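Note that this is a predicted model, so its numbers are computed, not measured. Atoms within each ligand, like the ligands themselves, are counted from 1 in listed order.
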Amino acid sequence: MTTGQPVGDGLVRVVTAVVGHHYVRRVTSLSTPLTERLGARLPIFGFTHSLDAAIAISRNGGIGIWGATRSTPEEIEAALTRMHDELGDLPYGIDLVIPPGMPDSDNRSEIEAAIPDEHRAFVDGLRERFDVPDDGEPGMRSRFVRSEESARAQVDVVMDSHLPILALGIGSPEWVIGPARERGMTLISLVGQPKHAEAALRAGADIIVAQGYDAGAHTGTVGTFSLVPRIVDLCGDTPVVAAGGVATGRHIAASLAMGAQAVWMGTAWLLCEEEHTHPAVAAKLMAAESADTVISRADSGKTLRQVRSAWSDAWAADDAPAPLKMPYQDILVGDVLGQIQRHEVEPLMHSPAGQSIAYFDELTTVADVMAGLEADTIAALERLRG
Ligand SMILES: Cc1cc2nc3c(=O)[nH]c(=O)nc-3n(C[C@H](O)[C@H](O)[C@H](O)COP(=O)(O)O)c2cc1C
C-alpha cells in the first residue's frame with residue numbers, strides 16, 4: 001500500500017509494508033511540491049563556489065547552485081555553457097551577490113584613495129609578521145571591485161543564457177528580477193530576517209531561502225530555528241527553503257517539519273574532493289567544532305562566518321582597526337588574502353564555514369554526502385512515524 005503523507009508543506013511518500021509480523025512504514029521518496037516543480041529527486045540545494053561540486057550535486061539528485069559572485073563575465077559564460085552541456089534537464093542554478101550601496105563603477109584607484117593609513121599599516125604589519133610574499137597579483141576579492149558596473153556585466157551574461165535558476169545571495173534589485181522573470185528563470189532570494197523576505201516577495205522572488213545565523217559565510221543574527229517557521233508563515237504559497245546548520249538527515253526532517261520544502265547547504269561540500277579545498281584548510285575544517293567558527297568582517301566588510309585562524313584572531317585583537325565597509329575591505333585585504341592562499345601561509349589560511357562543520361570530519365565525495373543525507377532523512381522520518 002502506498003500513501004502520500006504531508007510533512008510540513010512537503011509530500012513525502014510512505015509505504016506500509018509487512019516485515020515479519022509487523023507493519024512498518026517505509027519512506028520511499030523525499031519529494032516535495034518544490035522538488036517536483038524543479039525536477040529534483042531530493043529536497044537539497046547545494047551551494048558551492050566549485051563548478052565540479054555544483055555539477056556533482058545536481059547529478060546526485062540535488063540542485064547544484066554555483067556561486068558566481070567573484071567570477072568575471074567570461075568565467076560565468078563558460079560555466080553556464082558547461083552546466084548546460086553536462087546537466088541537460090537536471091535542475092541547477094547560479095548565485096550572484098548584488099548588495100545595495102556599492103560604487104557605480106569598477107574604479108580601484110578611487111577605492112584605494114579612501115583607505116585610511118591606519119588600515120594599510122595594519123595589513124602591512126600582518127604581512128611582515130607572517131612573512132606573506134607580495135607577488136603583485138590580486139586575490140579573489142580584489143580581482144575586480146564589487147560595483148554596479150561589475151554586477152551589470154555579470155547579469156548581462158546570465159540574461160543571455162538558458163539558466164533555469166538564478167539565486168540572489170544579498171540584495172534583490174528590480175533590474176535583475178524583471179529581466180530574469182521575462183526569461184522564465186526561477187528566482188531565489190536568500191534572507192536572514194522577515195523584513196528581507198517581505199522585500200524579496202514584493203520584488204518577485206519565486207523561492208525564499210531562510211538562512212539562519214549558524215550558516216557559513218555572510219550571515220545574519222537570527223538562528224535557523226527561530227527564522228524558518230516565521231518565514232514560512234509569512235511566505236504563504238511561496239516555497240521556503242531552510243539554510244544554516246543543516247548537516248544531517250535529522251536536520252532535513254526538522255526543516256520539512258518546520259514547513260520548509262527543501263534545505264540549502266554550503267558547509268557540507270567543503271570536504272568533498274570536487275570542492276578542491278586546499279589540504280591545509282581542509283585539515284582546519286576537519287578539526288573544527290561548531291565553536292571554532294567565528295564571525296568576522298575582516299574578509300569582505302560584511303559579517304562572514306569562517307573557521308577560526310590567525311587571520312580572524314589578528315582582526316579581533318585589541319590593536320586591530322575595525323574592518324572597513326564592503327567594497328573597501330575587499331580591496332584592502334583582497335590581494336594579501338590571495339597571496340596567503342597562493343603561497344600557503346598556513347596560519348592565516350582559512351575558509352568560510354558554518355557551525356555545521358562539526359559534523360564533517362573526513363575527506364569525502366558529493367555522491368557519499370548525498371547518499372548519507374538521503375538515507376539519514378528517510379531513517380529520521382521513519383522514526384517519527386513509528
Ligand atoms: C565557503 C562558502 C562560501 C559561500 N559563499 C556564498 C556566496 O557567494 N553567495 C551566497 O549567497 N551564499 C554563500 N554562502 C552561504 C551559502 O549559500 C549557504 O546559505 C550557507 O552555507 C548555508 O549554511 P551552512 O553553511 O550551514 O550549510 C557560502 C557558504 C560557504 C560555506
Side-chain angles (χ1 to χ4, degrees), residues 44-51 53-54 57 62-71 76 79 93-99 140-141 146 151 154 165-172 176 187-192 196 200 205 207-220 222-225 227-228 231 240-248 251-252 254-255 260 262-272 274-278 281-282 284-285 288 290 293-295 299-300 302-307 309 326 330 337 341 349-360 369 373:
I44 301 170
F45 287 84
F47 173 96
T48 164
H49 285 287
S50 157
L51 196 51
I57 289 162
I63 304 145
I65 305 286
W66 179 60
T69 181
R70 297 292 180 176
S71 300
I76 295 175
I94 73 162
D95 174 280
L96 292 173
V97 174
I98 309 181
M140 176 263 277
R141 295 185 186 280
R146 203 184 261 298
Q154 292 175 322
I165 300 173
L166 175 61
L168 296 172
I170 306 178
S172 304
V176 182
L187 271 162
I188 302 183
S189 282
L190 274 74
V191 306
H196 300 152
I207 299 168
I208 301 291
V209 175
Q211 189 208 259
Y213 172 76
D214 327 30
H218 291 127
T219 189
V222 184
T224 305
F225 257 59
L227 187 68
V228 173
I231 302 290
V240 172
V241 175
V246 177
T248 68
H251 293 107
I252 297 178
S255 300
V263 296
W264 174 285
M265 303 170 72
T267 296
W269 322 110
L270 295 175
L271 291 171
C272 293
E274 296 89 341
E275 186 79 16
H276 313 299
T277 298
H278 188 286
V281 176
K284 292 184 186 186
L285 294 171
S290 302
T293 68
V294 292
I295 294 180
D299 287 54
S300 70
K302 290 192 186 287
T303 47
L304 184 120
R305 187 182 290 283
Q306 57 195 271
V307 66
S309 67
M326 183 185 274
D330 284 336
L337 283 176
Q341 197 70 18
M349 290 173 85
H350 62 281
S351 163
Q355 294 188 336
S356 66
I357 196 61
Y359 294 82
F360 302 100
V369 171
L373 289 171

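- Dense packing is recorded around CZ of F360, with more than 12 heavy atoms of other residues, nucleotides or ligands lying under 6.0 Å away.
- Using a heavy-atom distance under 4.0 Å as the criterion, the protein contacts of ligand 1 are F47, H49, T69, D95, V97, G169, L190, Q211, A215, G216, A217, G244, G245, W264, M265, G266, T267, L270, P352, S356.
- Taking all atoms of both residues into account, the shortest heavy-atom contact from T277 to L270 is OG1-O, 2.7 Å.
- Classification of D330 and K302 as a salt-bridged pair fails, no side-chain N sitting under 4.0 Å from a carboxylate O.
- The two residues I65 and A167 have their closest heavy-atom pair at CG2-CB, 4.4 Å.
- Partner of P352 under the side-chain contact (heavy atoms from CB on, under 4.5 Å) criterion, out of D299, T293, L304: L304 alone.
- A side-chain contact (heavy atoms from CB on, under 4.5 Å) with W66 is found for one member of L51, T48, I57 and no other, namely L51.
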